[in-house]
Amino acid sequence: MANVAFIGLGIMGRPMALNLLRAGHALWVHGRRPETMAPLAEAGATACASPAEAARHAEVSIVMVSDTPDVEQVIFGDFGIVHGARAGSAVVDMSTISPGAARAFAAELRQGGVEMLDAPVSGGEAGAIAATLSIMAGGRPEVFERVRPLFEAMGRNIVLVGGNGAGQVAKACNQVVIAATLQGVAEALTLARRSGVDAARVREALMGGFAGSRILEVHGKRMIERDFRPGFKSRLHQKDLNIVMQAARELGLALPGAALSMQYMNALVGSGDGEFDSAALVKIVERMSGLEP
Ligand code: NAP
């Protein structure tokens, strides 16, 4: 059993940390808002005042925060992991961030004798709670093997994709597929509604065929029930598509479908729905044709 630091106790981080505790690992946790640490402390974790303090006790420090600058701050900031981590320990960033930044952070940590894996996830809050996340990792194979038992406590489909940054590239690819599918589901259910046909029955009929997907199942249900509690916040989906578009620009690559999805997410966040689940995208599709909610 390992001594693990866990930084970032939001929608995803909290259940992931709880699953590590349940698997028998010792946890030192840090949340920016102290109240986010209470459920973990009740379950047996030690609450820490900073990422550095948590890392001081750990062989592996897991980070699950929002965006690239947040990961940078948690690792390299004034009270960041680097000020507590021992040489030989590892930092595992499970947030979704830029692949280039993931490579740069790994190189900087290695200078101090600390290893790094990028290990973003897919599967949403439900996957985090059920410990069935898909984990796509980038880094050295020996570090990946060391951390594997921790991944197994949080996920099911665990793949070392390649070197540092490769996990984040896989996650960007994941988001290209998710965004296009989400768009398709929102448009299909809106077509059903405008046609005067029960969208719930359409979803049910489509689930068994080639149009069936986890997005149709989970997000389609949210669209029909108008349940837009997050889930996956629209502003984080927008952040992910921005990572995709940045990579496309750097590579000189045309990704017109992802670019269109990005515009829809801009519209959704710009409408004030950034804190709601990305399934709220259906509202933008509806508004374009004058459909009332
Ligand atoms: P969330 O609920 O917004 O939680 C993010 C957590 O990170 C919050 O507790 C936040 O603290 C903390 N945080 C952010 N910036 C920080 C900083 N600079 N220093 C310290 N703590 C900081 O988001 P989430 O849904 O858990 O997502 C976390 C990551 O997983 C994101 O990269 C997201 O893209 C990715 N992801 C999410 C899902 C999903 O379905 N939700 C699925 C796959 C991947 P405060 O509470 O103080 O704001």
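Numbering of ligands and ligand atoms starts at 1, following listing order. The basis for the numbers below is simple: all heavy atoms, side chains too, and nothing from hydrogens, waters or symmetry mates. Start at 1 with the first residue, then count along the sequence.
Looking only at protein heavy atoms, the nearest one to atom 30 (O) of ligand 1 is Met64 CE, 3.0 Å. Of the protein's non-hydrogen atoms, Val65 O, 3.1 Å is the one closest to atom 29 (C) of ligand 1. The protein atom (non-hydrogen) at minimum distance from atom 4 (O) of ligand 1 is Gly10 CA, 3.3 Å. Atom 19 (N) of ligand 1 has its closest protein heavy atom at Val74 CG2, 3.6 Å. If you check which protein heavy atom lies closest to atom 2 (O) of ligand 1, you get Ile11 N, 2.9 Å. Of all protein heavy atoms, the one lying nearest to atom 48 (O) of ligand 1 is Arg32 NH2, 3.0 Å. Given atom 34 (O) of ligand 1, the protein heavy atom at minimum distance is Lys239 NZ, 2.7 Å. Annotation: atom 27 (O) of ligand 1 to nearest protein heavy atom, Leu236 CD1, 3.7 Å.
Counting heavy atoms under 4.0 Å from ligand 1, residue Ile7 does not touch it at all.
Counted by atom type alone, Asp273 and Ser271 present zero donor-acceptor pairs between their side chains at under 3.5 Å.
Note: no N/O pair closer than 3.5 Å links Ser95 and ligand 1 by distance alone.
Residue contacts with ligand 1: Gly231 is included, with a non-hydrogen atom under 4.0 Å away. By the 4.0 Å heavy-atom criterion, Ser66 is counted among the residues contacting ligand 1.
A salt bridge does not link Arg56 with Glu53: every distance from a Lys NZ or Arg NE/NH1/NH2 to an Asp or Glu carboxylate oxygen is 4.0 Å or more. Under a 4.0 Å N-O distance rule, the pair Glu286/Arg226 qualifies as a salt bridge.
Exactly one residue among Ile75, Val65, Ile81, Val63 makes a side-chain contact (heavy atoms from CB on, under 4.5 Å) with Pro51. That residue is Ile81.
Close approach of ligand 1 to Lys171 (heavy-atom distance below 4.0 Å) involves ligand atoms 43 (C), 44 (C). Contact atoms of ligand 1 toward Lys233: 1 (P), 2 (O), 3 (O) (distance under 4.0 Å to a heavy atom of the residue).
With Gln73, His237, Met12, Met94 as candidates, the residue nearest to atom 37 (C) of ligand 1 on a non-hydrogen basis is Met12.
In the hydrophobic cluster analysis, where Ile, Leu, Val, Met, Phe, Trp and Tyr join through side-chain heavy atoms closer than 4.5 angstrom, Phe276 is grouped together with Ile224. Hydrophobic clustering (ILVMFWY, side-chain heavy atoms < 4.5 Å, transitive): Phe228 and Val269 are in distinct clusters.
In this structure, His57 and Trp28 have parallel ring planes: the angle between them is below the 30° cut-off, well short of the 60° mark.
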